[in-house]
Undergrad: 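Please read through the structure below; I'll follow up with questions.
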Number of protein chains: 2
Amino acid sequence: MKIGVIGGGQLGRMLALAGTPLGMNFAFLDPAPDACAAPLGEHLRADYGDQDHLRQLADEVDLVTFEFESVPAETVAFLSQFVPVYPSAEALRIARDRLFEKSMFRDLGIPTPAFADILSQADLDAAVASIGLPAVLKTRTLGYDGKGQKVLRSAEDVVGTFAELGSVPCLLEGFVPFTGEVSLVAVRGRDGETRFYPLVHNTHESGILRLSVASEDHPLQSLAEDYVGRVLKQLDYVGVMAFEFFEVDGGLKANEIAPRVHNSGHWTIEGAECSQFQNHLRAIAGLPLGSTAKVGESAMLNFIGEVPAVDKIVALDDCHLHHYGKAFKVGRKVGHATLRCSDMATLQDKIAEVEALIAG
Amino acid sequence: MKIGVIGGGQLGRMLALAGTPLGMNFAFLDPAPDACAAPLGEHLRADYGDQDHLRQLADEVDLVTFEFESVPAETVAFLSQFVPVYPSAEALRIARDRLFEKSMFRDLGIPTPAFADILSQADLDAAVASIGLPAVLKTRTLGYDGKGQKVLRSAEDVVGTFAELGSVPCLLEGFVPFTGEVSLVAVRGRDGETRFYPLVHNTHESGILRLSVASEDHPLQSLAEDYVGRVLKQLDYVGVMAFEFFEVDGGLKANEIAPRVHNSGHWTIEGAECSQFQNHLRAIAGLPLGSTAKVGESAMLNFIGEVPAVDKIVALDDCHLHHYGKAFKVGRKVGHATLRCSDMATLQDKIAEVEALIAG
C-alpha cells in the first residue's frame, strides 16, 4: 500500500518510519527542497495547490493524509475526487478554523473558554467589553506554535490589535486561569472503533511545546475521553486526533484540536504498545487499531533550534533520540527525545538530565 | 552522518529505520532493482565489484558497513582505501570462511565440533574416517540458510559428495548431538566497550531460522559472553556480531559467527532498550553504546515465503509486524513478527497464535 502525505516535515518522516514495517510506501508532496521526510519516500516537490502534482500523487497512491491542518480546502477537495483522503475534508474545515472548532465544542456541550468572532476592530472592542480582560486574540486560521495570536491584558493592548494581526478574521477568547495544559491523543478507525492514549501533561514556552509527560492515572481521563469521543463521532473522524484542554478548577475546558498526529503524542513511539504514527496509518488503511497502553512511564522533550550533542544524548540510559535531520534555526522544532522509565521518580530525574543537556 | 551499506535487503532496511532517528542518512549499494532497503535511502544499483560505484559510494558517505559477510574481499579492500569500513576486512576474512572461523575458535580455546579442511574427495574420505559419521560437509564460503551443505549419515552419502557441493573448498564438521541452538548477539564500540544481549534460543526448519526466543535468565549466559568476548577482542571488532552455539551436555560448542546484525537479534527492535540495529550504528559511528537490557519477554517469528494477512497479524495484541516489502517467493525471508509480553507464559500463548496464522 502506498500512502500520500501532504507535507514532508517531521510528522511525515515519523509516519514513514512507522508505516514501513507494515509494508507501506510513502510519497510526500512538499515544496521544500530539503523536506526532512524526503529520504524515506518519494518527494513530489510542488506547491500544495499544484493540480498537476496533486493529480500525479492521487494516481500513485492508495490513500492520502496530511501532516498539517492548514492544507488549502481546494487541495483536499481536488484530491478527494480521485483518491480517499483521511481525515475528511469536513474534519479539516472545522479544525483549521478556530470559530468553527469552538462552535462545535459549544454545540456538543464541551466546556470551552468564552469566545467571539472578530471581523473588525469594532467587533473586537465590543467583544472585549462583553468577555473582559485578560483575553487572547487569535487569527481564526493558520496559527501554530503561538504564532498569529496576542494576549490582551489592558485596554491599551486592544487598540489597533485587529490590524496588527493582519485585519484577518480572528477569534477573541476569554483568558482561562488554568492550572495545567493536557492533551488527549485519540485514534478512530474507519469502522468507528476508537482508542485513547493516556492524558499527557504539556508545558509550553513562548507558545512552543517543550515537555510532554504521559500521566500515570489521570483523574480526568474518562471525562476527556467523553469529550473527545463526542467530537470524533460528530465528524465521523478517521485517523489520529489530538485534543488540547486547559485544566481549570478540577475540570477541563477545550482549547483546540489537531486533526493529525501531534507533538504531544511523540512519546508513544517508545512509550506505548502502538505509536500514534502507526495507529494513524492503521486507521486510515482500514486495519485493526493497535493498543494504546503505556510501556513504562514516558516523557518527551522537544529540541527547539538545535539538537544537543548526539553523543551526550544517546549516552543517557532510558533516552531515545529522534533527530529530524532539519537545518537548525531559532524557534524551529528539530528533534525530540523520549524518556521511558520504570517509574515516575526515575522519569523526573531523567527529565532534569535532558533539560541540563538542552540548557547546554 | 551518511552511512553506506553494502547490500540493500531487509537488514539494510532495518538499519535505516534505526539510524534515521539518530539523524543518519543512508546509501545502499545493491545490484537488485527491487532492493527492499532502497525506499529508505539512496540506491546505487551496481555490482559489488563495480569500482566506479564503489568509489562514488566512498565519496558520498562517512562510513561503510555491510549486511552480508560474503562481500568480496576486494570490495572491502578497495573501499578501505577511501573510507572507514566496519567491521574490518580482517573480521570479514575470518567470518566468511568456515576454516578460518573454526581455527580461530580452536586457537582461542572455544569448544567447537571436530572439523577438517576438505580440498578433494580424498580429503573427505580421510576426514570421515577420522571424525566419523554422522557429519556435515559445508562449503567454506558463501553458505547461508542451510545452503551449501550436506548431512552425511552413511558411507553412501560420502561418495561423490565433494563434487556434489561443486568441488570447492569445504569443511567437514563432526555432528554434534545438541539439545538446543542458541545465539548471542554482542556489540563492540570503537573504544572496545562491549555489551551483550540475552542469549536467544533458536529453532530452524530446513536450515532456515523460524523462531527465536530471548531467554529469561540463561545459565550459560556468562559462559557465552566469555567466548564471544574472546573473539571480539581477538578481531578488535567494531559493530554487532552474532555468535551461534550448539548446547551440548550443559555446555556450548561454537557453530559460527556472523559479522553483522543477525536474524536472531530482530526481536531487539521492540524487545530491548536499544536494538541491535541502532547499536551497530552507534558502534561504527563511535557513539556510546545503548542498553542491551530486555523490555519484557520477547520472541521473533520469521515469515518465510509470504507474510500472512496483515490485518490478522496486527490484530494480535503484543505483536509487532515487520514487513520487508519484498516479493513473496518460496524459502525467502519476507518479514517477521516480534512478540513482546509481560511474562513467558503469555509469550508462549502468543507464539502459538502467530504460528497458527503462519500455518494459515
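Keep in mind that what you see is a predicted model, and the values were worked out from it rather than measured. By convention in this document, chain letters (A, B, ...) are assigned in the order of the sequence lines, proteins followed by strands, and residues within each chain are numbered from 1.
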Undergrad: Can you confirm whether more than 12 heavy atoms, excluding those of B/D343, are under 6.0 Å from its CG atom?
TA: yes

Undergrad: Counting only non-hydrogen atoms closer than 4.5 Å, does A/D311 touch chain B with its backbone (N, CA, C, O), its side chain (CB onward), both, or neither?
TA: both

Undergrad: A side-chain contact here means heavy atoms from C-beta on lying under 4.5 Å apart; do B/L17 and A/P21 qualify?
TA: yes

Undergrad: Heavy-atom distance under 4.5 Å to chain B: side chain of A/V295, backbone, both or neither?
TA: side chain

Undergrad: Going from OG1 on B/T20 to OH on A/Y324, what distance comes out if it is rounded to the nearest 0.5 angstrom?
TA: 13.5 Å

Undergrad: Between B/E42, B/Q278, B/R13, which shows the greatest number of heavy-atom pairs under 4.5 Å with chain A?
TA: B/R13

Undergrad: First locate atom CG of B/D317, then atom SG of A/C274, and finally report the distance between them rounded to the nearest 0.5 Å.
TA: 10.5 Å

Undergrad: Which heavy atom in A/E273 sits nearest to a heavy atom in B/H320, and how many Å separate them?
TA: O-CE1, 3.2 Å

Undergrad: Taking atom NZ as the centre, does B/K312 end up with more than 12 heavy-atom neighbours from other residues, nucleotides or ligands that are less than 6.0 angstrom away?
TA: no

Undergrad: How far apart are the closest heavy atoms of A/L22 and B/H323, and which atoms are they?
TA: C-CB, 3.7 Å

Undergrad: What do you reckon, is CG of B/D59 surrounded by more than 12 foreign heavy atoms closer than 6.0 Å?
TA: yes

Undergrad: Examine distances only and state if a side-chain atom of A/R282 and a backbone atom of B/V314 form a donor-acceptor pair shorter than 3.5 Å.
TA: yes

